[in-house]
Every structure is written in structure tokens, then in C-alpha cells.
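Encoded as C-alpha cells, the structure appears first; notes follow it.
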Amino acid sequence: MSKTISDMPTAYDAGAIEPGWYARWESANLFTANPSSPKPKFTMCFPPPNITGELHMGHALQTAIYDLIARYKRMTGNEVLFLPGYDHAAIATQNVIEKQLAREGKTKEELGREAFDARVEAWYKSVGATIINQLRLLGASMDWSRLRFTMDERYVHSVMTAFVAFYDRGWIYRAPRIVNWCPHDQSAISDLEVKWQEHHDTLYYIRYPIEGGGEVVIATVRPETMLADTAVAVNPSDPRYRSMVGKNAILPLVGRKLPVVVDDAVEKDFGTGALKVTPGHDPMDYDIGQRHGLDVINGMHLDGRMNVPGLPYDGLPALEAREKVVHDLKAQGYLVKEEPYTHEVGHCDRCDAIIEPLISDQWWLRMEKMRDKALDASEAGKVRWHPERYERTYLDWLHGLRDWNIGRQLWLGHRVPVYYCKNGHRTVAVERPTECPECGNREIQQDPDVLDTWFSSALWPFATLGWPEETEDLRAFYPTDMNCTAREIINLWVSRMIMTGIEFMGDVPFSDVVIHCQVQASDGRRMSKSLGTGVDPRELITKYGTDALRAWAASVAMSSQDVRFDETRVEGYRRFCNKLWNGAKPVLRSIGDGPVPNVPEPDDLELIEDRWILSRVASVQREITQGIEEFAFQDSINAGYGFIWNEFCDWWLEASKDRLRAGDETAQAVAIFCLDNAIRMLHPFMPFVTEELWSRLPGERDFVMRAAWPEDLHHYVDGQAEVEFERLMDIVNQIRSYRKTVPGAPAKGGAVKLFSENDADWTRALSMLGQVAVIDDLPPGKELALTEGSIVFPAVAAVDPAVTAKKRTELQKDLDRVQAKLDNPEFRAKAPEQVIAEQEARAEELRASIDRLG
RNA sequence: GGGCGGCUAGCUCAGCUGGAAGAGCGCCAGCUUGACAUGCUGGAGGUCGGGGGUUCGAAACCCUCGCCGCCCACCA
């Protein structure tokens with residue numbers, strides 16, 4: 001490859017550089033993990049995106065984080081498996097396809113099961129390909145030879161095995177219970193899939209007569225459910241209703257007798273303090289019903305229509321039934337009053353339909369044993385959370401864990417491996433039996449239910465590696481190391497992976513859980529396609545390049561809980577790529593085809609700027625490394641950015657241009673040393689521009705992707721040089737400020753006199769960077785104060801008194817504050833000695849400066 | 001109803017264990033300085049959400065109030 005810079009365009013062009021490198025990495029097989037490598041293993045199973053469509057900002061952010069860690073871990077000597085995949089996302093994908101059908105004026109029922117399945121298959125193919133392409137575009141160094149899909153034959157086998165294993169442990173059972181029923185999807189969903197939205201409804205107060213006289217008034221927002229009431233409940237300590245307990249209330253419109261029971265769940269202060277109990281249509285009522293052995297009446301069909309045979313409301317949709325019930329109550333004098341009422345109503349997370357709690361026969365998974373082991377693992381500190389606070393989110397949820405409704409009544413998903421013969425015998429088996437093991441009957445039917453999509457993703461960290469087979473991959477790569485995801489799926493996904501990992505593999509699936517921030521739209525709303533607030537990562541990549549997007553992602557991912565998207569920050573990292581690109585050019589030009597300069601030893605460095613910049617490299621090496629190790633990626637990218645832009649380019653390059661032009665070997669060596677290290681350290685964040693530049697550095701260069709991470713450079717740390725050079729920068733900044741603010745001051749030239757002894761090298765550097773002469777005695781003229789010296793500009797006959805006055809005011813203000821502190825006897829008595837000394841020195845400095853202003 | 005996070009320059013955000021208010025973008029002024037105008041130099045701009053407290057000293061620690069956002073929760 002050419003080492004010349006003639007083919008380096010003035011501006012860095014990500015679009016021209018990026019695609020080529022991905023192909024080269026891939027064909028060099030750099031992403032493929034070797035299970036028999038002697039290196040330590042580092043494994044990450046990428047959270048499989050739902051196969052519902054394009055990748056969004058959250059995915060881009062997550063991919064950037066995963067990939068930076070993958071690259072860092074390779075460079076630090078690990079055999080890295082970064083395993084990609086995607087998720088069939090049963091209910092979500094079914095909804096996407098149903099919406100498509102709806103646009104075509106069709107329903108899945110019209111289409112039929114077979115055609116629907118074919119459609120789903122086609123969807124998998126096209127969207128799966130899209131997802132893979134987008135991950136490549138993001139530069140994700142994933143092991144494509146191990147790509148997994150939750151609907152692959154092998155994965156399905158893992159899922160079936162897990163189901164059977166749970167069943168054999170006696171943890172899976174089928175029972176009718178109250179569930180969250182989605183009338184649109186015609187399926188049960190879990191509590192975690194219910195989203196609560198505020199509704200403005202009406203609270204109806206209804207009179208229930210008491211048998212033998214009296215009445216009780218009850219408040220409800222869902223009067224239609226009263227048709228399925230089986231009791232009235234009051235708080236045991238409520239004196240108002242004590243006399244009614246044990247009697248019967250008469251259900252209006254129906255006439256059924258309802259026992260009046262007492263239960264602690266009833267709030268005395270809400271409504272009238274009396275509750276109608278509808279065990280078939282309210283989770284709390286269901287529990288009360290269980291405690292009191294109440295009848296359960298199923299008052300609604302699965303499609304949301306009333307199921308009250310013999311009553312005029314039978315067959316009506318719930319809302320129509322409500323109107324009619326209210327109308328009739330009013331007509332018959334049972335309605336006491338109505339008042340507006342705001343409350344939360346459950347909606348289906350995927351289709352937004354209002355959830356109807358109702359009784360349904362479902363498959364349940366007992367969680368106690370797994371929950372307890374997960375708690376033990378947490379106790380033992382086996383999973384570290386970043387930020388730590390999210391561990392509590394997880395633990396709180398575990399503590400309140402109930403049995404998991406794993407069955408779904410969908411068309412799309414893993415079919416439950418439960419089979420029934422014609423004689424009603426049940427068989428639970430990984431493979432479909434050809435005949436009933438009990439009676440030999442060969443007419444076998446599979447249970448129609450499918451599994452909650454989270455059931456299969458719960459197995460991700462080991463099912464992807466071949467479980468239940470004892471594969472080489474499983475032995476080599478389990479447990480994995482890190483899982484990075486959004487906080488909203490801590491309970492849905494992370495917790496369940498931990499539980500199943502411990503259960504089936506005997507160990508937690510990963511040691512670190514990293515929860516990244518949520519990217520909001522710039523106005524603070526949620527980024528979502530339906531709101532039109534989404535930002536397409538591909539557009540950003542087109543405009544700014546993948547590297548810029550990734551560097552931005554690293555800079556925000558762990559910095560706070562939420563981040564409002566700010567495109568100018570992505571643009572800022574594009575400029576950073578450009579800066580790095582251009583900063584390298586004078587160095588490459590200087591070296592040309594010449595010999596590769598040796599890395600300088602600290603003792604061989606003479607010039608202050610060289611000692612300083614190498615000391616800075618050493619610090620930055622530590623900061624970037626530490627940032628990654630501690631999952632504080634913003635610290636890493638900030639350190640890299642500041643080093644390249646504000647230290648290497650702004651100061652060192654400016655100070656060293658002449659030497660580079662002259663072919664000075666030390667300058668070349670220092671420059672290459674800086675670039676070599678910086679490029680390697682920035683590679684995980686900006687893989688493309690760094691790979692391109694690396695290939696252009698002198699000498700034989702393999703991929704930076706498999707270069708070694710920069711070793712600790714502490715022997716280059718030179719505290720003295722840093723202090724001295726900071727002094728120098730400070731004085732240069734003061735000089736530049738005068739040049740711009742003092743009328744008539746020249747852009748270069750003038751003379752400074754310093755009040756302290758400085759070595760010749762330092763003086764030389766100051767003179768060069770400040771564009772001034774450094775002399776022992778100032779020529780006649782108006783002196784301007786520097787913190788430790790004075791400057792005179794020949795062209796300035798008299799300094800504008802306003803400039804001096806303004807400066808003096810500034811200094812005086814500072815001095816007053818410091819002096820006030822020093823004059824406080826308490827401060828002198830109680831502050832640490834060092835702080836007092838600092839303040840005194842500062843006061844001294846300020847006073848001197850003010851004096852010199854004359 | 002419980003819990004968590006945020007409120008710092010016009011905007012988006014840094015400021016970790018309390019000792020001189022920061023960056024990027026935007027704005028103003030000046031620069032075709034042979035790496036970069038995706039640039040360089042300078043500048044304006046903040047009583048760190050309000051109120052208490054702890055401390056010699058608080059943007060940082062404690063209490064409290066107020067918004068904004070998230071998570072969990074069986075009050076009809």
C-alpha cells in the first residue's frame with residue numbers, strides 16, 4: 001500500500017473509506033472466533049433485534065458499545081466471540097405482518113394459516129438480510145459464521161428442550177386463571193407486556209339493595225362487568241358496613257344474590273368503601289374470590305363481547321354493553337351518581353388494544369426455584385450492574401415474581417411441545433411423537449399455543465452456543481462476559497436469562513450487565529416511528545460516517561439515563577475524524593519514503609514540547625483504558641478527542657511544524673509514537689478512519705484491528721514537563737488575548753520579559769509559540785502584565801486605558817474573593833495547610849499582576 | 001401509590017471522593033498562517049431549578065418544595 005500522502009484528500013471522506021475496510025476485515029476472517037484458541041475467551045451474544053423492521057438509534061448505540069468492547073478485548077489479547085442474531089419476536093412481528101395485510105385489505109384469517117406462514121418466512125428472509133446489512137454498516141465485528149435466529153431449527157430444538165426440562169421438573173402446568181387478554185391479538189400477554197395509559201372515564205355509583213332491607217352503594221368504572229359480580233366486599237374494619245357482612249346483596253339488573261364479605265384489599269377511603277367483586281374480570285377481585293371461595297363467572301367472550309346468556313346485553317361489545325347497563329340502571333333507579341374519573345388503563349404493548357382481564361386456561365411456569373437461585377447469585381456478587389442502581393430494579397422485580405404465563409394464542413411463534421392423542425392423553429416431548437406412549441393411538445394433535453417470545457430469548461446466551469448439545473462452543477464460550485441493553489427489558493429479558501442460565505448451565509450467563517441510556521428525540525419525546533420522532537441511523541451514517549455516529553454513541557451511552565438527540569454532536573465527531581486525518585498528514589509527509597523513525601526513549605527527549613506530548617500520551621492511554629474497563633466510555637472518547645485536537649494538533653504540531661518540514665528525526669519519531677498509540681486507542685470507537693490511517697503509517701502494518709492495545713506508558717509521564725508546558729501555554733494564551741484586544745497590537749512580534757529564570761529550551765518554545773522575542777529588558781513602551789512577566793508591543797504607542805482598567809477590575813475581583821477567604825480566621829484555623837498555601841500564592845500572584853498594570 | 005434519574009452558558013451536555021464555573025454547537029470580531037475554512041485566533045454569555053441546613057468553604061453532602069422523564073404496583 002502506498003505510504004505517500006498524495007492520495008489523501010484534503011477532507012476526510014468517510015463514505016469513500018468505510019465500506020472497503022469492512023470487506024477487508026471480513027475476508028481476512030478477523031471476526032471469527034476460535035474455540036480452541038489458547039487465549040482467554042471473551043464472549044458477547046448480541047441482543048437479537050426483533051425482526052420487525054429497520055434498526056433504530058437504540059440499536060445503533062448498542063451496537064457501537066458492543067463493538068467497541070469486542071475490538072478492545074481483541075486488542076488486549078482475548079479470543080473474542082461476538083455472536084450476532086435476531087429474534088422472531090412473535091407478537092410484535094405478527095402485528096407488523098397483520099398491519100401489512102390490513103393495508104392490502106386482507107386479514108390473516110382470510111389468508112389462512114399456510115399462506116400466512118409463507119408470508120412470515122418471506123418476511124424473515126428480507127428483514128433478516130436488512131438487519132445484517134445494517135449491522136455491517138455500523139462496523140460490527142460480528143462472527144457471521146455463528147449467526148443465530150430464534151426460529152432456526154437448532155434454536156427451536158433448544159427451546160423445546162427447555163420447555164420439556166421445565167415440565168419434567170414439575171414447573172410447567174396448565175390452569176385457568178385471570179390473565180391480561182388482548183382482544184385484538186386474541187392472546188394472553190404477560191404483565192410486563194401491558195402498558196398503562198391515562199384515561200378519562202366516568203366513575204359510576206350504583207345502588208345494590210341488601211336482602212332484608214338496606215343498600216350498599218358501589219363505585220365502578222366498568223359497570224358492564226357487574227353482570228359477572230359474585231360478591232360485595234368491604235374492609236373488615238369499616239363500621240359503616242359491619243351490619244351487612246354475612247348478608248346478601250341483590251345484583252341489580254340480574255337479581256343474583258351476592259354475599260357481602262370482608263377483605264383487607266378493600267380501601268375504606270376509595271369510592272364508597274364497598275367493592276363489587278368480579279373475579280372473572282379483575283385481577284384484584286380474582287384474588288379476593290380465591291380467598292373467599294367465590295364463584296367465578298366468565299362474563300365476556302375472548303373477542304371482547306359480553307357472555308351473559310339470557311340477559312339483553314349478551315353478545316354486545318364491552319363499551320356498548322356499558323352504555324346499555326348504565327341506561328338501564330338509571331331507568332330503574334339504581335344509579336346514584338356519575339363523576340369524572342382519571343385512571344390508568346392497561347393496553348397491549350404491541351397493538352395498543354385495551355386489555356381485558358379475564359379467565360383463561362394457560363400454560364404457566366413456576367419461578368420460585370429459579371428466582372431463589374438468581375437471588376443467591378446476586379448475593380454472591382456474580383453479576384455486576386453498570387450503573388449499579390439497576391441491580392435494585394432487577395432485585396425488586398424478582399422479589400415480587402409470580403408464575404410466568406408462557407403461553408400465547410398467536411399464529412407466530414414456537415409451538416408448545418405438548419401433544420394430545422385422540423383419547424386425551426397428554427405427551428410433552430421435544431420431538432413430535434408418532435403415537436401416544438400411553439395408548440398407542442396414532443392420531444396426535446399438537447397444542448395450539450405458542451410460547452411467549454421472551455421464553456426463547458431467555459435462553460439466548462447458551463442456546464446460541466448449541467445447548468443442549470455439549471458443543472465445543474458451549475464449553476469454550478459460556479458463560480459469556482457482558483450483556484448491554486436498554487433498561488426497559490431488564491425484567492423481560494436480562495432477569496430471565498440469568499435465571500435460565502443458572503438453571504440449565506449452572507452459572508450466570510454473564511458477569512456484567514451494562515444498561516445504556518435511552519436516546520430521546522431532540523424535543524424530549526420518545527423516539528418512535530409512529531410519532532415521527534425517529535432518526536434513521538443510516539441517514540446519519542450517510543451524512544457523517546459510521547465512525548462519527550459510533551464516537552457519538554460512546555460519548556453518550558453511559559453518561560446519563562436519558563439523552564436528547566443532538567445531531568450537531570454527531571457532526572462534531574465527523575470533524576474530529578477529519579482533524580485526525582489532517583493531523584496525520586504533515587507527519588506522513590515529513591517521513592515520506594524515509595526510514596521509519598525509532599520510538600524515542602524518555603531520556604532521549606530534549607525539547608519541552610516533546611517531553612510534554614509524550615507525557616500526555618501516557619495519561620491518555622490510562623484514561624482511555626480505564627474508561628473502557630469501567631464502562632465509562634464517555635471518559636475514553638473525551639480523552640482521545642482532547643488529546644488529538646487540543647494537545648497534539650493545537651500545540652505539539654504547531655510547535656513542531658518546522659522541525660517536521662526539515663525532516664527532524666526526533667520530531668518524526670515523537671509524532672509517529674503519538675499517532676501510533678492514538679490510532680490504536682481510538683480504533684474501538686472509530687474503526688474505519690483509524691484503520692485507514694494505520695495502513696498509511698510508515699513500516700509494515702497489519703490491520704490495526706488486530707494490533708496490540710497500547711501498553712502502559714507510565715515511564716513517559718513527566719510531571720515537570722507538564723507543569724512547565726502548562727505555564728507556557730498559559731502565557732501564550734495571554735499574549736494572544738492581548739493581540740486581539742489591545743488596539744494596534746500586532747499579530748506577531750513584540751517582546752516579553754519574564755520575572756523568573758527559565759531554561760533556554762523553554763524560552764525558545766515560548767518565543768516560537770508566542771511569536772515574541774524573550775528579552776531581559778523591555779524597550780521603552782507601555783508594559784502589559786502577564787501572570788509572570790510583561791509584554792510590550794512596539795506598534796502600540798499607548799495602551800488604551802480602558803483595556804488596562806478592565807483587566808485590573810477582573811484581577812481585583814479575584815483578589816478580593818481570595819483575600820476575603822484568607823482574612824477569615826476560621827479558614828486559617830480549619831482549612832488544610834495546602835489549601836491555605838495555594839490561596840496565599842494566588843493572592844500574591846494577583847497582587848503582583850495588579851501592581852504591574854501600573 | 002412506591003422507587004429511580006434529571007434540572008449547570010441560547011441549545012445538547014461534562015463537572016467522580018466539597019477548595020479559582022467547563023466542552024461542543026450556536027453567537028460576535030478577526031484570519032485564504034504550505035495538515036485541516038469539516039480550519040485557526042480572540043470574545044460575549046452562567047447569583048449551577050426554588051428554599052432551608054451541614055461546613056472555614058457547597059454546582060457537588062443532607063432536608064424540603066417545584067417542574068420533566070422513566071421503572072414498578074391488583075385502589076374499584
Side-chain angles (χ1 to χ4, degrees), chain A residues 5 8 10-12 178 191-192 196 203-204 218-222 225 233 265-278 282-288 341 343-344 357 387 389-390 392-393 396-397 400 487-488 490-491 517-518 520 522 524-526 544 548 555-556 559-569 571-589 632 634-635 638 641-642 646 649-650 653-654 657 660-661 733 736-741 747-748 771 814 817-818 821 824-832 834-836 838-839 842 846:
Chain A
I5 68 156
M8 286 179 78
T10 297
Y12 175 65
I178 194 151
D191 292 346
L192 290 172
W196 296 88
L203 191 58
Y204 300 92
I218 279 159
T220 178
V221 274
R222 301 176 66 208
T225 64
V266 181
E267 296 284 335
K268 281 186 286 188
D269 300 334
F270 188 86
T272 61
L275 175 71
K276 65 191 254 323
V277 183
T278 320
D282 184 280
M284 181 172 119
D285 292 9
Y286 181 80
D287 288 347
I288 294 175
Y341 183 61
H343 64 142
E344 302 267 294
R389 67 183 127 90
Y390 287 115
R392 252 191 66 196
T393 304
D396 286 352
W397 186 73
R487 62 177 178 276
E488 62 184 3
I490 288 174
N491 297 329
C517 77
Q518 191 123 46
Q520 303 174 330
S522 54
R525 286 188 295 169
R526 205 184 172 79
Y544 308 111
S555 78
V556 300
S559 61
S560 65
Q561 184 164 287
D562 298 301
V563 164
R564 290 188 178 198
F565 181 66
D566 179 5
E567 191 167 327
T568 67
R569 287 185 66 181
E571 191 185 356
Y573 286 106
R574 177 186 64 166
R575 292 188 193 166
F576 179 49
C577 292
N578 186 60
K579 192 71 181 176
L580 181 61
W581 176 257
N582 279 297
K585 282 198 286 197
V587 179
L588 299 178
R589 177 174 295 149
Q634 66 282 5
D635 292 350
N638 287 344
Y641 184 104
N646 306 118
C649 290
D650 285 354
L653 259 190
E654 289 304 326
K657 273 178 178 174
L660 286 174
R661 270 188 220 115
N733 287 335
R736 285 175 178 166
S737 176
Y738 277 134
R739 292 194 194 285
K740 291 282 185 181
T741 53
K748 55 173 79 170
Q771 300 277 295
D814 269 5
R817 199 171 39 208
V818 175
K821 207 180 248 192
N824 180 350
E826 299 247 49
F827 173 74
R828 285 203 160 325
K830 293 180 182 169
Q834 196 199 330
V835 174
I836 298 174
E838 270 170 24
Q839 296 299 319
R842 186 163 152 67
L846 288 166

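Residue numbering restarts at 1 for every chain, and letters A, B, ... go by the order of the sequence lines. Being a predicted model, the structure only gives us computed values, none of them experimental.
- Between A:Glu571 and the options A:Arg569, A:Arg575, A:Glu567, a side-chain contact (heavy atoms from CB on, under 4.5 Å) holds for only A:Arg575.
- In this entry the distance linking CG of A:Asn638 with P of B:G15 reads 9 Å, nearest Å.
- As rounded to whole Å, 9 Å separates atom C1' of B:C36 from atom NZ of A:Lys657.
- Shown here, B:C61 forms a base pair with B:G53; the pair counts as Watson-Crick or G-U wobble because both key distances fall under 3.5 Å.
- A:Asp650 meets the salt bridge (charged side-chain N to carboxylate O under 4.0 Å, His left out) test with no other residue; sequence neighbours excluded.
- The CG-P distance, from A:Asp566 to B:G10, rounds to 16 Å in whole Å.
- Applying the 3.5 Å distance criterion, the base of B:A35 shares a donor-acceptor pair with the side chain of A:Glu654.
- With rounding to whole Å, A:Asn578 atom CG is found 10 Å from B:A37 atom C1'.
- Residues A:Asn582 and A:Lys585 bring a donor and an acceptor atom of their side chains to less than 3.5 Å of each other.
- Residue-level contact check: A:Glu571 touches neither bases nor backbone, having no heavy atom under 4.0 Å from any strand.
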Output a table of nitrogen or oxygen pairs between the protein and nucleotides 70-76 of chain B separated by less than 3.5 Å.
from  : atom 1 : to       : atom 2 : distance (Å)
B:C70 : O2'    : A:Arg487 : NE     : 2.8
B:C70 : O2'    : A:Arg487 : NH2    : 3.4
B:A76 : OP2    : A:Tyr341 : OH     : 3.2
B:A76 : O2'    : A:Ala219 : O      : 2.9
B:A76 : N6     : A:Glu267 : O      : 2.5
B:A76 : N6     : A:Phe270 : O      : 3.0
B:A76 : N1     : A:Glu267 : N      : 3.2

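- Across all strands shown, B:C68 is found opposite B:G5 as a Watson-Crick or G-U wobble partner, with both distances under 3.5 Å.
- For the pair A:Glu567 CD and B:G24 C1', the interatomic distance rounds to 15 Å; values are reported in whole Å.
- Within the structure, a side-chain polar atom (N or O) of A:Ser560 is placed less than 4.0 Å from OP1 or OP2 of B:A14.
- Nearest heavy-atom pair across A:Val556 and A:Cys517 is O-SG, 3.6 Å.
- Checking the phosphate oxygens (OP1, OP2) of B:A35, no side-chain nitrogen or oxygen of A:Lys585 falls inside 4.0 Å.
- When each of B:U12, B:U41, B:A35 is scored by its nearest atom to the side-chain atoms of A:Arg569, the top-ranked nucleotide is B:U12.
- With the nearest nucleotide of RNA chain B identified for both A:Val818 and A:Asp635, A:Asp635 has the one nearer the 5' end.
- Of the listed nucleotides (B:G34, B:G69, B:C36), B:G34 has the atom at the smallest distance from the side chain of A:Arg589.
- Atom name C1', nucleotides B:G19 and B:U33: the rounded distance is 41 Å, in whole Å.
- Close to B:A35, at under 4.0 Å from its OP1 or OP2, lies a side-chain N or O of A:Arg661.
- Between A:Asn733 and B:G42, a side-chain N or O to OP1/OP2 separation shorter than 4.0 Å is present.
- Listed pair A:Ser737 / B:G43 meets the phosphate criterion, a side-chain N or O lying under 4.0 Å from OP1 or OP2.
- Straight-line distance between the P atoms of B:G45 and B:G5: roughly 35 Å, to the nearest whole Å.
- Annotation: ring pair (Phe, Tyr, Trp, His ring centres under 6.0 Å) contacts of A:Phe270 (sequence neighbours excluded): A:Tyr341.
- Using a 4.0 Å cut-off between charged side-chain N and carboxylate O, A:Arg526 and A:Glu488 make a salt bridge.
- The nearest whole Å value for the distance from the OH atom in A:Tyr12 to the P atom in B:C36 is 18 Å.
- Both A:Arg564 and A:Tyr390 sit near RNA chain B, but only A:Tyr390 has its closest nucleotide nearer the 5' end.
- No engagement by A:Gly572 is indicated, since no non-hydrogen atom pair under 4.0 Å with the nucleic acid exists.
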